[in-house]
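Every chain is numbered from 1 and lettered A, B, ... according to where its sequence line falls, protein lines coming before strand lines.
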Amino acid sequence: MKQSKLFGRTLREAPAEAQTPGHRLMLRAAIAKPLAAGLYTWLPLGFRVQKKVEQIIREEQDRIGAQEMEMPVLTPAELWKQTGRWDMLEPITFRTKDHNGREFMVSYTHEEFVHLHAMQEIQSYKQMPQIVYHFQSKGRDETRPRAGLLRVREFVMKDAYSFDVDQAGLEKSYAAEYGAYERTFKRMGLDAISVESDTGAMGGDVAHEFQVLTDVGEDRIAICSNCDYRANMEKATRHMAGRSARADGIPARTEISTPGTQSIDALEASLRQPRSAFLKTLLLRDQAGKVVAVVLPGDRDVNEAKLRKILATGEVKFANDADFAAAGAVPGYIGPVGLKTRLLVDQGVEDRAYIAGANKKDAHLRDVLIGRDFQGERIDAADVRAGDLCPKCGVGTLAIKRGVEVGNIFAYGTYYSEKMNATFLSDDGTRKPFVGGSYGIGVGRAVQTIIETHYDDKGIMWPPQVAPYHAHVLALPVNDDDVRTKAEALVSDLEKRGVEVLYDDRDESAGVKFADADLIGIPLRVTVSKRNLKEDALELKLRSASDSEMVPLAGAGERIAEIVRSWPR
RNA sequence: CGGGGUGUGGCGCAGUUGGUAGCGCGUCUGGUUUGGGACCAGAAGGUUCGACGGUUCGAGUCCGUCCACCCCGACCA
């Protein structure tokens, strides 16, 4: 490919909108460009990377016996309504109607539709296990797209779906996908770790995310310093040290005057007590409007994902004024004592004296003790934080790191098949619902994550397996007949040998060509120059290396092909 | 959705107390160059400054409304 003809040019300065290193490089190197917020066009260089990433995913899915197919982007409303997801997904999906008024959703995911097909194609237990997958565009009306391709509103996802006869079969399929994911990410140069994740509003218990740890990630991951425990913050728990019985001798609660202190911050400042001396009480309402109070230690934050799961609701909001009145609470001075509502108490609340809101304006209570002054259901509803004890080994401490979720695997069992009455004929002659799982990888997000983790101050450093080209041939200067002739002969020789070549035939100065080569980041740079040709030689330089190597012109094609063949695939 | 920020040639930016738009890079032409973002000369490029409305003799500059984009948070398999 002649660079003079390449659709896409490099930028010396990145557009102001780009913040993360990978996003800036992606724009500067003409990998992908925005069309609108969260909508990106792959330019030719980036599209080649995307296709290579897809191919790796495809090979690893095929290896475990999964079969590729394709389902439409536009999906009819009826099935979504059958599983209850039409309404649930309303705020985050794109919808349209055909000219007859029939409703469609731009595919958010395809569980409903793959189950429909499974009912048609799989009739007997003898036909299972089955895994099918496709690469398809997904539409998600994210309220906040961010960081280039890391969070977008339309993206290609590989999603695979497994169908088994029972839970044991599902576990095998799940394990097969787990293994495929480990190989897939490794092959594309991503150091992804699996972490336990929340299953969200989709039911089921087992789910893992594959996370690449990097500061630009938007997920927070708790990692044990001692064992292999790793979990998304939405799911992470902590080991509770045994509660000491320090409840004896605590005096009866007394009211104290605290005018104008409506927050933990204000209390901390005016009473000169640590945050942990207070109880934080939140009045919340679920999707159905039911009100519940959650009591936490003053130094802990509520984890909404955990709370949603406990309340079995899709949404948790702060209560309104009427809810406060009904519960007998006063905003800013709410506390668990005497509260007329369901009370959930985080496990972090200890058997000791706390200062809590008095449910009266300008007043708090001192020496409030759980079990004596109020009762509640014990739950785990707080975020873990760095330094907490690991829930698995009880010895190590948790660190919190940021990660990009490049893939996830999810065992949902019969969640969909039961709602859809998607069944097969079992070996005992009865009809049973399919037991399934789904397995996703965001292709574009993976590509940008590769950049975010493979660059230096000069540009991208593509892992060879996913690089847009293998070799970047630079002719210096291109208007020298000898240089041009020999460079073109080399390019054609390399292409015959199956080496993918980007040939910089532009009439640019050496500085521009070297800088662009570094920026675009093709793994092997081959310089054909007047200077080198005096010695009948070429210069080879790996993007990842600091040194270069001179090789004789004769046989250079074979030498380069050999290097390319030695790379991982 | 809450908070903050930014909209001026393709990209990065400047634009004084309101007076009719400029710089660098890039692009085009000619020439000199050719191993780390070259040099000289000339030129094009803004439906006139995100949009609409207002104040004013006069608005890129002031006021209002809206839109777009970015960041933090919320949300989100």
J.: Relative to the ring of A:H115, is the ring of A:Y416 parallel (under 30°), tilted (30 to 60°) or perpendicular (over 60°)?
T.: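 The rings of A:Y416 and A:H115 sit tilted, inter-plane angle from 30° to 60°.
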J.: Do the side chains of A:T93 and A:V106 get nearer than 4.5 Å, heavy atoms only?
T.: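 No; the side chains remain at least 4.5 Å from each other.
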J.: Which nucleotide, B:A77, B:C69, B:U34, lies nearest any side-chain atom of A:P477?
T.: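 Among the listed nucleotides, the one closest to the side chain of A:P477 is B:U34.
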J.: What's the CG-P distance between A:D516 and B:G26, to the nearest Å?
T.: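 So the CG-P distance, A:D516 to B:G26, works out to 11 Å.
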J.: Taking only N/O atoms, report every protein-nucleotides 72-74 of chain B pair under 3.5 Å with atom names and distance.
T.:
unit_1: B:C72; atom_1: OP2; unit_2: A:R144; atom_2: NH1; d: 3.2
unit_1: B:C72; atom_1: OP2; unit_2: A:R144; atom_2: NH2; d: 2.1
unit_1: B:G73; atom_1: OP1; unit_2: A:R220; atom_2: NH2; d: 3.3
unit_1: B:G73; atom_1: OP1; unit_2: A:R402; atom_2: NH2; d: 3.3
unit_1: B:A74; atom_1: N1; unit_2: A:T143; atom_2: OG1; d: 2.7

J.: Taking the six-membered ring where the residue is Trp, are the ring centres of A:W80 and A:F104 under 6.0 Å apart?
T.: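 No.
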J.: What residues from residues 518-531 of chain A pass a heavy-atom cutoff of under 4.0 Å to RNA chain B?
T.: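 Heavy-atom cutoff 4.0 Å gives A:D518, A:R525, A:T527, A:S529, A:R531.
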J.: Which residues within residues 170-181 of chain A lie with some heavy atom under 4.0 Å of an atom in RNA chain B?
T.: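 Residues of residues 170-181 of chain A under 4.0 Å from RNA chain B: none.
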J.: Between residues 209-216 of chain A and RNA chain B, which residues have a heavy-atom gap below 4.0 Å?
T.: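 Going residue by residue through residues 209-216 of chain A, none turns out to have a heavy atom under 4.0 Å of RNA chain B.
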J.: With sequence neighbours excluded, tell me which residues meet salt bridge (Lys or Arg N to Asp or Glu O under 4.0 Å) with A:R24.
T.: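 Result, salt bridge (Lys or Arg N to Asp or Glu O under 4.0 Å) vs A:R24: none returned.
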J.: Who passes side chain to side chain donor-acceptor pair (under 3.5 Å) against A:Q448, sequence neighbours left out?
T.: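 Once residues adjacent in sequence are excluded, the partners of A:Q448 under the side chain to side chain donor-acceptor pair (under 3.5 Å) criterion are A:E452.
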J.: Just by distance, with hydrogens left out, do A:D505 and A:S4 show a side-chain donor and acceptor under 3.5 Å apart?
T.: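 Per modelled atom types, A:D505 and A:S4 side chains form a pair under 3.5 Å.
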J.: Please tabulate, one pair per line, each protein N/O and nucleotide N/O from nucleotides 27-33 of chain B that are separated by under 3.5 Å, including the distance.
T.:
none

J.: Could you name each residue pair satisfying salt bridge (charged side-chain N to carboxylate O under 4.0 Å, His left out) that touches residues 132-148 of chain A, not counting sequence neighbours?
T.: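 Counting only pairs at least two positions apart or across chains, the salt bridge (charged side-chain N to carboxylate O under 4.0 Å, His left out) contacts touching residues 132-148 of chain A are A:K138-A:D159, A:D141-A:R153, A:E142-A:R151, A:R146-A:E218.
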J.: Might you confirm whether atom CG of A:N479 has over 12 heavy atoms from other residues, nucleotides or ligands at distances under 6.0 Å?
T.: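 Enclosed: over 12 neighbouring heavy atoms sit under 6.0 Å from CG of A:N479.
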J.: Could you tell me the separation between the CZ atom of A:R445 and the P atom of B:A77, rounded to a whole number of Å?
T.: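 Going from CZ in A:R445 over to P in B:A77 covers 12 Å.
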J.: With the side chain of A:F514 defined as its heavy atoms from C-beta on, choose the nearest nucleotide among B:G36, B:C76, B:G37.
T.: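 Output: B:G36.
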J.: Compare the minimum distances between each of B:G37, B:A77, B:G36 and the side chain of A:R12, then state the nucleotide with the smallest one.
T.: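 Nearest listed nucleotide: B:G37.
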J.: Name all residues meeting the ring-ring contact (aromatic ring centres under 6.0 Å, His included) criterion together with A:H454; count only those two or more places apart in sequence or in a different chain, and write none if there are none.
T.: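 Applying ring-ring contact (aromatic ring centres under 6.0 Å, His included) to A:H454 gives none.
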J.: If you pin A:A36 and A:E218 to their nearest nucleotides in RNA chain B, which one's is more 5'?
T.: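 Taking each residue's closest nucleotide, the earlier one in sequence belongs to A:A36.
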J.: With sequence neighbours excluded, what pairs up with A:Y178 under the ring-ring contact (aromatic ring centres under 6.0 Å, His included) test?
T.: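 A:Y178: ring-ring contact (aromatic ring centres under 6.0 Å, His included) contacts with A:H208, A:F210.
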J.: Give each protein N/O atom lying under 3.5 Å from an N/O atom of nucleotides 12-15 of chain B, with the pair distance.
T.:
unit_1: B:G12; atom_1: OP1; unit_2: A:A16; atom_2: N; d: 2.6
unit_1: B:G12; atom_1: O2'; unit_2: A:E13; atom_2: OE2; d: 3.0

J.: In terms of relative ring orientation, are A:F163 and A:F434 parallel, tilted or perpendicular, with 30° and 60° separating the classes?
T.: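 The arrangement is perpendicular - the two ring planes meet at more than 60°.
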J.: Heavy atoms under 4.0 Å, any strand shown: does A:A475 hit a base, just sugar-phosphate, or nothing?
T.: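 It contacts nothing in the nucleic acid.
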J.: Taking the same atom, P, in B:G45 and in B:G22, what whole-Å distance lies between them?
T.: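 Approximately 13 Å lies between the P atom of B:G45 and that of B:G22.
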J.: Between A:Y108 and B:A77, is there a side-chain N or O to OP1/OP2 distance below 4.0 Å?
T.: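 For B:A77, OP1/OP2 do have a side-chain N/O of A:Y108 under 4.0 Å.
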J.: Please classify the nucleic acid contact of A:R28 as base, sugar-phosphate, or nothing, using heavy-atom distances under 4.0 Å.
T.: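 A:R28: base contact, heavy atoms under 4.0 Å.
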J.: Roughly how far apart, to the nearest Å, are B:G10 and B:U27 at atom P?
T.: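 One P to the other, the span is 15 Å.
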J.: Identify which one of A:V528, A:L476, A:D480 satisfies the side chain to side chain contact (heavy atoms under 4.5 Å, CB included) criterion when paired with A:L533.
T.: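 One option only clears the test, and that one is A:V528.
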J.: Mind checking the C1' distance from B:G60 to B:C49? Whole angstroms is fine.
T.: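 Going atom to atom, C1' in each nucleotide, I get 5 Å.
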J.: Taking Watson-Crick and G-U wobble pairs with both distances under 3.5 Å, convert RNA chain B into its dot-bracket string, 5' to 3', dots for unpaired and | for cross-strand pairs.
T.: (((((((..((((.....[..)))).((((((.....))))))......(((((..]....))))))))))))....
J.: Would you tell me whether A:S438 and A:Y412 have side-chain atoms, one donor and one acceptor, within less than 3.5 Å of each other?
T.: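 No, no side-chain donor-acceptor contact under 3.5 Å.
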J.: Between A:E539 and A:G440, who's closer to the 5' end of RNA chain B by nearest nucleotide?
T.: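 Result of the comparison: A:E539.
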J.: Apply side chain to side chain donor-acceptor pair (under 3.5 Å) to residues A:D164 and A:S173 and explain how you reach the verdict.
T.: CA-CA 8 Å; A:D164 279 281; A:S173 294; 2.6 Å; yes
J.: Give the intermediate values and the outcome of side-chain contact (heavy atoms from CB on, under 4.5 Å) for residues A:Y469 and A:I520.
T.: CA-CA 10 Å; A:Y469 290 91; A:I520 294 169; over 6 Å; no
J.: Taking B:G53 as the reference, what is the distance to B:G42 when you measure between their C1' atoms (whole Å, please)?
T.: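 These two C1' atoms come out 44 Å apart once rounded.
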